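Okay, structure first, notes after.
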Amino acid sequence: MSTQQGVKLQIESDHVVLDNGMLKLTISKPQGMVTGIQYNGVTNLLESRNDEIDRGYWDLVWSKTGSTGTKGSQERISGTSFSVIVENEEQVEVSFKRTWDPSLEGQLPSLIIDKRFIMLKNSSGFYSYGIFEHLAEWSPFNLPQVRIVFKLSKDKFHYMAVSDNRQRFMPLPDDRSEKRSKPLAYPEAVLLVNPVEPEFKGEVDDKYQYSCENKDLKVHGWICSDPTVGFWQITPSNEFRTGGLVKQNLTSHVGPINLAMFLSAHYAGDEMVLKLKPGEPWKKVLGPVFMHLNTTTDGRDPLSLWEDAKRQMAVEVQSWPYSFPASEDFPKAEQRGRISGRFLVHDWCVSETSIPGNGGYVGLAPPGEVGSWQTDGKGYQFWTQADEQGLFSIANVRPGDYNLYAYIPGFLGDYKFGSSVTINSGSSMDMGDVVYEPPRHGPTLWEMGYPDRTASGFYVPDVDPKYINKLYVNHPDRFRQYGLWDRYTELYPDKDVVYTVGKSDWAKDWFYAHIPRRTKEGEYVPTTWQIKFYVDSVEQTIMVKKMCDIGFIVMFKVRINNQDMSSSPLFSTGVIGHDNTIGRHGIHGLYRLYEVLVPAALLSKGENIFYFTQTQIEGPFQGIMYDYIRLEAPPSSPHCLSLA
């Protein structure tokens, strides 16, 4: 579909209309709410039954400085002034801005927010981005979430696609009503008992089952079959998203709803919340993202619109950074810099010399501690993956000061280059060889799992048939099924996991999440898992390394050859975590690495037992997901324990 018409802007008393002959976009003035999208003969792709402020909008969640957690007050961002930024046949860009002054203290977060919408000639869609600015003299606050929401017509959009193997016909929003569903462990999850379409009866609906990591979240959306229309949200870059490539975000879900997530504490918790300090200025451009519309003209299967959406996504990615946004706060390609080098790994137990970091992730993120990028939301991040020779190149980096970070599947830990890196406009920097030495105290005696920052290598049980989502039957993401936490009690009703090194299989015998057990009375009790192993001599201290993803408010304790839970543990994390990853069907949360020294005096010749206890028991979701556990021997003898 194409047209020779230029872009037209029609300004009315309380709306503006952008029209390029392919679609019409109607936005309230000066609020900046998307009230209508006309395309392919459909008067409005959005849910016209909703109020105009509840169809397409930007919103945020904020809280006062000093508060903890991820909740707060919600603001549906409403502009107070409208202006035309660009208007010609090739492009229209309009602005809807809301300001702040001390009279709004406590009512709204102290931000200037400029919402922009762009329509280009002969483009089947529109762009949106936001400029968020906080002045140093203003009161600070916390900002857990910023997103764009589109609520599509429930009569038209019934098929949802998030990836090649995660797409399906979806229930109606009516199916989530009290008379058609049964509430489950939290409000987002319901069991469909009397859906409008009988095919969905007995399934669980939960928006968290469709979450996705940033690195894989480039296009998602909905398909209408009559008439054939696709609505897709395309994110061409991760530079403005929080938490790096493996941060998990919501996508699309029953409504039909389509989301563009910019800031989010999901799967990370309070540590991910953007917290401004007194006297700290902050400014960030979120987006642009592209809302792409497509159709078929030759009678093809409507589901082919997904393939077209992926092709358009590739075009948008290749076009980044866009040349057309008018804001000076969005630097163009020639105003950005590049960094390159070779990423090597030197683990003396694997190779005497450094080996190429094939498949390693290398990135620039704001200066901080090792691994701090995974909880950063204030700045920008730029990531790439090293090739077979370890070579990497990161282009289109915004000018500024960064640290160079890296991590690589198959090896423990995180890398940070020793000094900060300054990127200037138009610069190109060659870092040469960047060598990562993963944590290593001695050769491996035994190991469990594979260090890829997830618990996917361990045992994920089958779902209880009462709580099934048909999409994830015989699916690699089986961990996304509802209620897997309850399967632990069913599999281990009286005793906990006992793993014997050399005999057990971690893919079958080590449950993917270390969680409490539910008693017959419905209460939860701590669980203690055992690892049995043998040593030939106990002459030296050994080390345990454990790499794990923390769930919802946990305390993890390690003991060796001591089952007395009242005694002092060899190691304790203290109370940590607040990400609710287990309850939200994730396979990892925030990544943490622990190293535990085990004195030789605590070991016995022959059989030894590690006891891992998770002590917090307020609910079913409090737990730890292990990524990898390794026992290392001292370098000078065959006995060093490393658990990672």
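Below, each value reflects all heavy atoms present in this structure, side chains not excepted, and no hydrogens, waters or symmetry copies. Values in this document were obtained by computation on a predicted structure and should not be read as measured data.
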Pick one: which of Y129, F150, F117, F262 meets ring pair (Phe, Tyr, Trp, His ring centres under 6.0 Å) with W58?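 With W58 as partner, ring pair (Phe, Tyr, Trp, His ring centres under 6.0 Å) holds for just one option, F262.
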Taking only residues two or more places apart in sequence or in another chain, which ones pass salt bridge (charged side-chain N to carboxylate O under 4.0 Å, His left out) with [X]?
X    : result
D401 : none
D216 : none
R338 : none
R116 : E93, D114

Measure the [atom1]-[atom2] distance between [X] and [Y] for me, rounded to the nearest 0.5 Å.
X    : Y    : atom1 : atom2 : answer
M272 : L263 : CE    : CG    : 7.0 Å
K218 : S163 : NZ    : OG    : 13.0 Å
D270 : N142 : CG    : CG    : 7.5 Å
I131 : K283 : CD1   : NZ    : 7.0 Å
E203 : Q209 : CD    : CD    : 9.0 Å
L274 : T242 : CG    : OG1   : 8.5 Å

For a quick check under 3.5 Å, do [X] and [Y] share a side-chain donor-acceptor pair by atom type?
X    : Y    : answer
Y472 : R166 : yes
Y39  : T295 : no
H588 : D452 : no
T581 : D579 : yes
Q481 : H585 : no
N469 : Y210 : yes
D59  : Q74  : yes
H253 : E188 : no
N258 : W232 : no
S252 : H220 : yes
N214 : N238 : no

Run the ring-ring contact (aromatic ring centres under 6.0 Å, His included) test against [X] and tell me which residues pass, sequence neighbours left out.
X    : value
Y402 : F382
Y407 : Y361, W373, W383
W222 : none

Do [Y] and [X] meet the salt-bridge criterion of a basic N to acidic O distance under 4.0 Å?
X    : Y    : result
K378 : E280 : yes
E307 : R300 : no
D175 : K154 : no
D54  : K151 : yes
E213 : K215 : yes

Can you check side chain to side chain contact (heavy atoms under 4.5 Å, CB included) on V149 and R76, steps first, answer last? CA-CA 10 Å; V149 181; R76 192 160 298 182; over 6 Å; no
Cation-pi, F240 ring and K284 (6.0 angstrom, 45 degrees):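 Not flagged: K284 not positioned over aromatic ring of F240.
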In terms of relative ring orientation, are Y208 and Y186 parallel, tilted or perpendicular, with 30° and 60° separating the classes?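 Judged by the thresholds at 30° and 60°, the geometry between Y208 and Y186 is perpendicular.
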Does the side chain of K247 reach to within under 4.5 Å of the side chain of H266, using non-hydrogen atoms?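 Side chain of K247 against side chain of H266, heavy atoms only: contact under 4.5 Å found.
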Evaluate the criterion side chain to side chain donor-acceptor pair (under 3.5 Å) for residue pair E75 and S73; output intermediate values, then yes/no. CA-CA 7 Å; E75 178 195 353; S73 301; over 6 Å; no
Taking only residues two or more places apart in sequence or in another chain, which ones pass side chain to side chain contact (heavy atoms under 4.5 Å, CB included) with [X]?
X    : value
S110 : W100, H134, W138, S139, F141
L303 : Y159, I223, D301
K121 : V7, E90
Q31  : S28, M33, S78

Could you name each residue pair satisfying salt bridge (charged side-chain N to carboxylate O under 4.0 Å, His left out) that touches residues 228-244, not counting sequence neighbours?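 Passing the test, one end in residues 228-244: E239-R336, E239-R398.
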Validation row, ring centre F290 to ring centre W320 under 6.0 Å: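 Judged by ring-centre distance (under 6.0 Å), F290 and W320 do not meet the cut-off.
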For K97, does the NZ atom sit with more than 12 other heavy atoms under 6.0 Å from it, leaving out its own atoms?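 Count not over threshold, so no.
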How about K71: does its NZ atom have over 12 heavy atoms from other parts shown lying under 6.0 Å from it?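 Atom NZ in K71 is not crowded, with 12 or fewer foreign heavy atoms closer than 6.0 Å.
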